[in-house]
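To keep things clear, I will list the structure first and then write my remarks on it.
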Amino acid sequence: MDDKGSVGKISVSSDSVSTLNSEDFVLVSRLGDETPSSTNNGSDDEKTGLKVISEEGVSFKIVGNGSEQQLQRELEDVLMDPSVADTGLRSDKRMDSLYGGDRGPPSTTASPVAPGSDPLSAQPPKLEMVLPVQTAQESELNERSYRADESSSDGSPGSPIPDEDSVVFSQLTYLGCASVNAPRSELEALRMMSILRGQCQLPLEVTLSVPGVSEGTVRLLDPNASTEIANYPIYKILFCVRGHDGTPESDCFAFTESHYNAEIFRIHVFRCQIQEAVSRILYSFATAFRRSAKKTILSSQQPAPLTPDTDLFTFTVSLEIREDDGKGTFSAVAKDKDKQSFKLRAGMDKKIVIYVQQTSNKELAIERCFGLLLSPGKNVKNSDMHLLDLESMGKSSDGKSYIITGSWNPNTPQFQPVNEETPKDKFMYMTTAVDLVITEVEEPVRFLLETRVRVCSPNDRLFWPFSKRNYIETFYLKLRQMERKERKSPASDTLYEVVSLESETEREKWKTTASPGIMPTGTGTTVPSPPEDDEEEDNDEPLLSGSGDVSKECAEKILETWGDLLTKWHMNLSVRPRQLPALVRSGIPEALRGEVWQLLAGCHNNDHQVEEYRTLITKESPQDSAITRDINRTFPAHDYFKDTGGDGQDSLYKICKAYSVYDEEIGYCQGQSFLAAVLLLHMPEEQAFSVLVKIMFDYGLRDLFKQNFEDLHCKFFQLERLMQEYIPDLYNHFLNVGLEAHMYASQWFLTLFTAKFPLYMVFHIIDLLLCEGISVIFNVALALLKTSKDDLIQTDFEGALKFFRVPVPKRYRSEENAKKLMELACSIKISQKKLKKFEKEYHTLREQQEQQEAPIERYERENRRLQEANMRLEQENDDLAHELVSSKIALRKDLDNAEEKADALNKELLLTKQKLVDSEDEKRRLEEESAQLKEMCRRELDKSESEIKKNGSIIGEYKQIQHHNPFYNPLNPLCHQPKPTQIYISIFWKFYNI
């Protein structure tokens with residue numbers, strides 16, 4: 001495969017860079033044995049496999065035996081285009097690094113081997129290697145760090161081939177290489193770097209040659225013998241990373257490459273004797289990933305190419321505008337659909353947040369923000385800038401960025417132009433500036449940002465898109481090191497003075513001005529001018545899945561119509577409203593899609609499935625490795641899913657894992673993650689899982705994966721018959737060039753268009769699918785073919801495949817084009833009766849083909865099918881038997897436990913009964929004792945009462961005796977108290993009288 005067709009976009013930072021591969025894979029069904037030496041005697045129908053086709057038409061096939069398991073494994077490359085395997089951003093827009101990598105630790109271990117050997121087959125002694133940049137142009141700048149060897153760039157035997165533009169690095173030590181499973185994982189690369197650096201025992205001095213274009217080759221040279229040790233084409237290098245500052249690996253860097261095939265990856269680790277040279281090496285790799293020889297601008301017509309000189313510092317400055325949301329907080333405002341202009345509301349208090357991050361060269365210390373300024377318009381004078389009140393400044397939590405926040409009151413007179421509503425489809429410019437005091441720089445540095453804004457009414461109901469994009473600009477600050485005598489104070493920390501400060505936008509304008517259109521050169525060649533907008537660039541890179549923002553804005557009248565419909569629908573969920581299909585064809589409002597999709601799928605009452613989902617995610621999945629591998633390449637262009645280990649990827653992983661456990665027959669299917677991601681963008685993961693299950697079972701998507709994809713091939717036949725009826729000229733052209741439906745429509749059916757097309761179009765297709773069924777795929781497919789007919793008729797076989805892969809999805813990045821396509825799709829009438837007729841034709845043809853086969857071949861194929869079915873049933877039988885035995889053992893154990901518990905309860909019952917009898921006896925005894933005590937008390941009481949009466953009578957008699965006593969004198973107080981002798985006398989008289 002040509003190297004040019006495999007070089008993709010890159011992600012550049014001072015820490016790492018990576019490439020994207022752009023091969024294309026399609027599922028084919030071989031109609032005959034094209035290999036003369038083949039010994040396979042099977043039928044034609046069973047020769048199904050993969051056809052790998054490059055943009056240049058070079059192809060090969062991988063033939064399978066027709067089994068479902070084989071096709072399931074092969075389908076991975078059909079549905080997962082490697083071009084979406086990474087999430088690299090364009091380096092000239094952003095300098096942030098982005099890492100892919102598989103989930104979980106790799107299974108391989110570090111095994112240092114020589115650079116040209118196979119790490120899987122041999123383990124030579126551990127090696128070591130290291131690198132600084134070396135060119136004649138840079139030797140003067142490197143004088144204080146190291147002495148460059150200019151002979152290496154003058155065509156010496158150790159230099160790269162003379163006709164290859166390259167940069168040579170010497171004074172490097174090779175530390176060795178190891179096999180890895182996660183070639184784009186920074187953590188894995190740093191781990192291997194640490195291991196190999198610590199294990200290095202045999203230093204190997206090398207010279208490294210890095211090409212300046214993506215078609216070149218990285219070469220390892222022996223500095224003494226001037227011979228080539230190993231070489232690695234740029235298109236095979238996947239990732240480049242350096243060690244973090246402050247760690248022992250800060251002077252190391254490494255790159256990963258695909259070895260032999262896409263399943264084996266190796267990482268090569270180097271150490272630099274001069275630590276400052278590491279950033280230069282990564283810069284050279286980034287240049288090689290980014291540049292193409294066809295677009296090289298001659299030095300006579302363009303400014304000298306920027307090199308990683310010590311006096312050039314790169315900064316990424318990001319602007320975020322926050323607005324008062326009426327809830328006491330400030331929320332980031334969104335950009336308009338063209339992704340260019342901020343959308344503001346008049347009269348609302350705002351905040352300006354600036355993020356400044358240095359992305360190359362030695363780190364400069366930002367001391368403080370000198371001022372944050374704002375002005376309406378562009379190309380404004382310094383005197384027209386207005387100072388904002390600073391709220392905060394300081395480094396971010398990770399220490400990588402410096403953040404400045406200022407408050408903006410738009411109601412002040414100087415900001416009146418950006419506080420008035422702008423007409424529809426119009427915009428205006430706004431300029432923001434931030435002045436920073438940098439410790440090592442003599443004067444403050446001003447970063448100037450010019451961005452477009454649109455102002456709307458404060459009463460507008462705004463529904464923001466899922467991803468809010470900041471305005472990002474790259475600045476190139478060129479500094480000159482000052483002599484000691486030039487400094488204001490010899491003891492000052494000031495080291496540099498500013499030579500120039502240029503933004504990426506200014507560079508692009510300069511190029512456009514200096515080379516408008518096509519620029520003639522001295523040799524008569526023509527070089528096209530660079531595009532102004534990377535997102536609109538017409539290149540050969542396929543559109544990343546998850547591209548495009550979908551706004552939640554919607555007209556008030558449409559929202560009211562849908563609100564009335566949903567109110568009626570909720571009264572009777574079993575019956576769909578009559579006006580629902582017409583509204584769905586126009587597109588469901590983005591703000592309501594989550595609710596409407598659940599109602600259309602019948603998931604409004606799914607509490608049992610929610611509980612089942614929470615149980616499923618706790619179980620192990622046999623397809624966990626495939627799920628983990630696919631998660632990192634699902635919707636890499638969307639902010640919610642681009643971060644490895646982020647919330648989006650975590651929820652997506654759980655949904656795919658839960659379904660693989662839920663549907664044991666089909667399990668996880670390649671491409672299923674794209675559909676799950678679409679659902680996750682509109683609802684929580686529990687509801688998304690329920691809708692996914694409905695689509696797979698009730699809408700028949702899982703049938704496409706069953707029975708060796710028999711139903712999928714039937715869909716291809718139906719599509720070709722519809723083409724023959726609706727687009728006969730395109731059908732005949734495809735027939736002439738040998739292009740069949742399965743070569744371009746596999747992803748359309750298996751992923752429901754979610755893998756390649758912009759989100760606005762994808763969401764509308766899911767609207768129609770949930771409302772009208774899976775046959776909508778035919779409508780959309782015919783609409784795509786009709787709108788692209790004129791272009792497709794002009795292509796050959798390879799051109800048509802490339803057209804389906806690249807230009808077709810990009811054409812519908814425009815919301816207007818996507819709307820027209822969906823209107824055309826809805827206008828195409830395809831009856832179910834016609835589809836049934838074509839399905840019957842397909843099965844008839846299949847039966848005829850089977851009858852035309854030789855009896856032996858047919859019986860052999862049938863025998864293999866039955867053997868596979870028998871093996872599957874035996875496996876199921878073994879599983880059921882094991883489950884039965886396990887259940888019996890568990891039941892026996894439970895029964896024994898129950899019997900033991902019953903015995904214990906019986907014993908306890910007997911003891912309780914005995915205690916009850918004893919308690920009753922005790923009760924009777926106590927009752928008897930109580931009766932006896934009562935009787936004794938009664939007798940004592942009677943006795944006491946009788947004594948009281950008796951004493952009372954004695955006292956009465958005594959009083960009477962006293963009155964008759966001759967010694968009694970009432971006037972004598974002493975006579976009032978009778979003495980004992982008197983009492984006795986009285987008693988005597990009493991008894992005497994008696």
Side-chain angles (χ1 to χ4, degrees), residues 18 20-27 50 69 71-88 98-107 181-185 188 238 258 262-263 265 542-547 616-617 620-638 640-663 666-681 685 688-689 692 695-696 701-702 704-705 746-757 762:
S18 62
L20 296 178
N21 200 312
S22 60
E23 297 172 345
D24 196 33
F25 300 86
V26 293
L27 184 67
L50 288 178
Q69 293 80 4
L71 283 176
Q72 185 71 24
R73 290 192 299 269
E74 294 172 348
L75 187 61
E76 173 180 357
D77 289 335
V78 179
L79 298 180
M80 290 298 185
D81 192 347
S83 63
V84 302
D86 303 296
T87 57
L98 193 60
Y99 312 107
D102 296 338
R103 185 186 297 265
S107 59
N181 278 351
R184 291 184 176 86
S185 171
E188 176 67 6
L238 306 177
S258 58
E263 299 298 329
F265 305 98
L543 188 68
L544 290 176
S545 66
S547 299
L616 291 172
I617 59 177
E620 294 295 330
S621 170
Q623 297 163 306
D624 187 79
S625 59
I627 297 172
T628 303
R629 183 173 61 251
D630 291 346
I631 294 304
N632 290 316
R633 50 190 184 184
T634 301
F635 282 8
H638 200 286
Y640 187 56
F641 298 102
K642 70 180 183 181
D643 295 333
T644 302
D647 293 340
Q649 289 196 8
D650 182 61
S651 297
L652 188 58
Y653 168 78
K654 289 193 286 186
I655 289 180
C656 294
K657 174 186 175 182
Y659 186 83
S660 67
V661 178
Y662 178 83
D663 188 357
I666 300 299
Y668 172 75
C669 309
Q670 298 297 332
Q672 198 178 85
S673 58
F674 292 103
L675 179 57
V678 170
L679 300 175
L680 264 178
L681 291 175
E685 58 186 68
F689 172 76
L692 176 64
I695 292 176
M696 295 294 291
L701 183 59
R702 71 188 297 273
L704 302 181
F705 298 90
S746 298
Q747 288 187 356
W748 297 357
F749 285 97
L750 293 174
T751 70
L752 306 179
F753 294 95
T754 57
K756 290 292 185 184
F757 289 86
V762 168

Could you grab the distance from atom CG of L652 to atom NZ of K657, nearest 0.5 Å is fine? 13.5 Å
Taken to the nearest 0.5 Å, the spacing of T634 OG1 from R629 CZ works out to 11.5 Å
Test item: F705 and L750 side chains (from C-beta on) under 4.5 Å apart, heavy atoms: yes
Relative to the ring of F641, is the ring of F635 parallel (under 30°), tilted (30 to 60°) or perpendicular (over 60°)? perpendicular
Over all heavy atoms of both residues, which pair between I655 and A676 is shortest? Give the atoms and the distance, please. CG2-CB, 4.0 Å
If you measure from SG on C669 to CD on Q623, what distance do you get to the nearest 0.5 Å? 7.5 Å
When rounded to the nearest 0.5 angstrom, what distance separates CZ in F674 from CG in L752? 12.0 Å
Side chains of Q649 and T644, heavy atoms from C-beta outward: is any pair under 4.5 Å? yes
Where do S545 and A755 come nearest, in terms of heavy atoms and distance? CB-O, 3.0 Å
Value for OG (S660) from CG (L616), rounded to nearest 0.5 Å, stands at 9.0 Å
Ring-plane angle category for F753 and F757, please: parallel below 30°, perpendicular beyond 60°, tilted otherwise. perpendicular
Gap between atom OG1 of T628 and atom OH of Y653 - 0.5 Å precision: 5.0 Å
What I'd like to find out is whether the side chain of Q670 reaches to under 4.5 Å of the side chain of Y668, using heavy atoms alone. yes
Taking all non-hydrogen atoms of both residues into account, name the closest pair between L543 and K756 and its distance. CD2-O, 3.8 Å
Using a 4.5 Å cut-off on heavy atoms from C-beta on, say whether the side chain of L701 contacts that of L675. yes
Worked check of side chain to side chain contact (heavy atoms under 4.5 Å, CB included) between F265 and E188: CA-CA 12 Å; F265 305 98; E188 176 67 6; over 6 Å; no
Qualifying residues under salt bridge (Lys or Arg N to Asp or Glu O under 4.0 Å), relative to K654, sequence neighbours excluded: D650, E685
